Amino acid sequence: TMDYSTNDSKSTSKNKVVAVVGGGLVGALNACYFAKRGFQVEVFESREDIRQAKIVKGRSINLALSHRGRQALKQVGMEDTIVSKGIPMHSRMIHSLNGTQSPIPYGKKGQVTLLMQRLDTPHSAETYSTTKLNFAHKLLNWSTETGAMTFLRADGTKEEIQADLIVGCDGAFSAIRKQFLRQSRFNFSQTYIPHGYLELTMPPINGEFAMKPNYLHIWPRNTFMMIALPNLDKTFTCTLFMPFDEFENVTTGDQVIEFFQKYFPDTIPLIGADALKRDYFRLPAQAMVSVKCSPYHLSDKCVLMGDAAHAVVPFYGQGMNAGFEDCLVFNEIMDQLNEDFSAVLPEYTRVRVPDDHAIADLAMYNYVEMRSHVNSKWFLFRKYVDNTLHMIMPRTVIPLYTMVTFTRTRYHEAVKRWHWQDKVRNDIVHSSLYKGL
Ligand SMILES: Cc1cc2nc3c(=O)[nH]c(=O)nc-3n(C[C@H](O)[C@H](O)[C@H](O)COP(=O)(O)OP(=O)(O)OC[C@H]3O[C@@H](n4cnc5c(N)ncnc54)[C@H](O)[C@@H]3O)c2cc1C
Ligand SMILES: NC(=O)C1=CN([C@@H]2O[C@H](COP(=O)(O)OP(=O)(O)OC[C@H]3O[C@@H](n4cnc5c(N)ncnc54)[C@H](OP(=O)(O)O)[C@@H]3O)[C@@H](O)[C@H]2O)C=CC1
Ligand SMILES: Nc1ccccc1C(=O)C[C@H](N)C(=O)O
């Protein structure tokens with residue numbers, strides 16, 4: 001047994017050990033935050049070090065990074081390296097059935113979301129000498145009484161480890177979270193939506209992007225949609241989101257072509273009919289889950305962050321951003337409460353739960369906006385009115401998308417304001433219509 005914990009309440013961060021379980025996006029960033037504060041950090045990641053791995057598994061390589069994520073990276077000096085490699089996206093590009101394309105800007109000039117590649121993140125934490133990365137360490141179980149964690153190593157042996165604080169960043173199916181389920185008054189819900197997703201690649205044409213690169217391309221077909229996001233290698237990753245029932249109706253190469261002919265005809269020459277027939281069946285459609293829980297902490301011993309605390313459906317492009325903001329909010333509370341875990345952890349739950357639950361709901365809503373509302377003239381008109389009001393009264397009226405993507409307005413406050421603004425705007429529109437009659 002390796003006992004890293006100090007069991008000494010007076011000890012400072014200098015000799016306290018924080019175990020970060022999960023070396024994904026959020027775990028790696030968290031390791032940097034704790035190391036920067038002077039803690040000894042041990043990261044445990046179930047996968048092997050991808051620098052040594054022969055086959056690198058993983059999906060959805062491109063992720064939309066927006067203001068919240070950038071602010072969190074900035075605090076530990078990681079923003080610039082990532083931003084310099086990102087592709088800015090300033091608008092949606094709507095592809096209608098007849099092939100016309102119409103852009104819808106996300107915000108004002110200069111307000112962009114950056115597309116970054118899913119990083120081989122854990123290594124960013126290695127710049128701190130106080131951080132140790134333990135790859136091929138899969139958490140099997142841990143004890144809420146003693147705090148002892150049991151890890152399975154690649155050679156099949158087990159290792160038991162203790163630390164002063166356990167930070168669960170082990171993703172949507174968190175093993176750390178399993179122990180929370182047995183606690184009294186722990187709330188938990190998990191919902192699979194009836195839609196799945198499938199990824200396809202659109203190659204470059206003569207070494208150039210096949211479509212305009214600085215857009216998030218959408219083919220909104222009301223009950224389902226396809227989107228395309230640009231990659232650094234000039235390919236696009238196209239993602240088809242659709243009910244599983246519909247996926248089951250397409251079982252042969254010819255049916256794939258027929259389906260694309262009917263709904264996304266402009267993409268067939270760009271993806272290539274042969275590639276389409278082949279790649280469509282490469283992987284089965286993947287499920288999407290939304291997980292909400294509360295509280296995020298267990299006494300002064302353990303805290304959940306990132307997807308482990310709140311897996312959201314991907315439609316707002318905020319999952320990683322919310323997880324990064326978790327690290328930033330935790331850090332702000334550590335400043336306020338002098339790193340006293342017994343005060344910091346409950347405060348983190350109090351502050352963060354309403355916001356993460358709000359973005360989970362907004363992410364569900366944005367699917368309907370992307371696949372259906374963007375086809376509606378009434379929606380486009382309302383958006384136009386909101387943008388105009390925002391120009392006239394920039395502080396009073398702020399479009400929802402702007403609050404979520406380009407500010408750090410707390411997610412739950414953004415929702416509240418959105419409902420209020422909706423009402424005010426509808427009142428204005430209706431009374432002007434009335435006056436006009
Ligand atoms: C299709 C899709 C598109 C998305 N697009 C976006 C986007 O554009 N923008 C955005 O902000 N978000 C996006 N997201 C969400 C984003 O991927 C997640 O929110 C983000 O990966 C969460 O990071 P995390 O570190 O919490 O979890 P993960 O990235 O899942 O990392 C968890 C880590 O823990 C490790 N682990 C798991 N179990 C154990 C164990 N028992 N022991 C030890 N280690 C373990 C895993 O190997 C993994 O490395 C998207 C998600 C999907 C599915
Ligand atoms: N919100 C969502 O709908 C989704 C979110 N994501 C997020 O993106 C992250 C990265 O994606 P990716 O690299 O593709 O991760 P994976 O889907 O490959 O999952 C990572 C690990 O989670 C475990 N796992 C996967 N599916 C399940 C399941 N249904 N039930 C229990 N455990 C499961 C597996 O552990 P084991 O080795 O023990 O089997 C797997 O190794 C995910 O971890 C998640 O946080 C990913 C997909 C959907
Ligand atoms: N990254 C994503 C992955 C999957 C689905 C959507 C996104 C988005 O970013 C959507 C964007 N926020 C939009 O509203 O147009």
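We count ligands from 1, going down the list as the structure has it; atoms in each ligand are counted the same way. All of these numbers come straight from a predicted model, not from anything done at the bench.
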Is the shortest side-chain N to carboxylate O distance from [X] to [Y] below 4.0 Å?
X: K85; Y: D80; value: no
X: R282; Y: E199; value: no
X: E332; Y: R408; value: yes
X: E347; Y: R350; value: yes
X: R92; Y: E369; value: yes

Evaluate [X] for polar contact with ligand 1, using N/O atom pairs at a separation under 3.5 Å.
X: V26; result: yes
X: N321; result: yes
X: P314; result: no
X: N62; result: no
X: A308; result: no

- Distance under 6.0 Å and angle within 45° of the ring axis: does K16 meet both against F341? yes
- Message: Quick check with a 6.0 Å cut-off and a 45 degree axis cone: is R177 positioned over the face of F186's six-membered ring?
- Response: no
Minimum distance, heavy atoms only, to [atom]: which one of [options] is it?
atom: atom 41 (N) of ligand 1; options: N141, L139, T237; value: L139
atom: atom 27 (O) of ligand 1; options: A309, C327, G171, G24; value: G171
atom: atom 15 (C) of ligand 1; options: M305, M320, E199, K138; value: M320

What atoms of ligand 1 come within less than 4.0 Å of a heavy atom belonging to [X]?
X: G317; answer: 7 (C), 8 (O), 9 (N), 10 (C), 11 (O)
X: G306; answer: 26 (O)
X: F44; answer: 43 (C), 44 (N)
X: A64; answer: 7 (C), 8 (O), 9 (N), 10 (C), 11 (O)
X: A175; answer: 41 (N)
X: L63; answer: 4 (C), 5 (N), 6 (C), 7 (C), 8 (O), 12 (N), 13 (C), 14 (N), 17 (O)
X: H137; answer: 42 (N), 43 (C)

Could you see which bit of [X] sits under 4.0 Å from ligand 1, with heavy atoms only: side chain, backbone, both or neither?
X: S46; value: both
X: C169; value: backbone
X: Y197; value: side chain
X: Q318; value: backbone

- Closest non-hydrogen atom pair, M288 against F315: SD-CZ, 3.7 Å
- Task: Identify the heavy atoms of C169 and N30 that sit nearest to each other, and give their distance.
- Result: SG-ND2, 3.5 Å
Got a donor-acceptor contact below 3.5 angstrom from the [X] side chain to the [Y] backbone?
X: D170; Y: I176; result: yes
X: N231; Y: D233; result: no
X: T157; Y: R153; result: no

- Of the options L345, T349, I166, D326, which is the one that meets V303 in a side chain to side chain contact (heavy atoms under 4.5 Å, CB included)? L345
- Query: Does M288 have a heavy atom less than 4.0 Å from any atom of ligand 1?
  - Reply: no
- Task: Identify which one of Y263, F247, F241, Y367 satisfies the ring pair (Phe, Tyr, Trp, His ring centres under 6.0 Å) criterion when paired with F224.
- Result: Y263
- Message: For a quick check: using heavy atoms under 4.0 Å, what are the residues in contact with ligand 3, sorted by chain and number?
- Response: A64, R92, Y106, L216, I227, F241, P314, F315, Y316, G317, N366, M370, Y401
- Strictly by modelled atom types, are Q101 and Y215 linked by a side-chain donor-acceptor pair under 3.5 Å? no
- Verify the distance criterion only: is there a donor paired with an acceptor across the side chains of D386 and Q421 at less than 3.5 Å? no
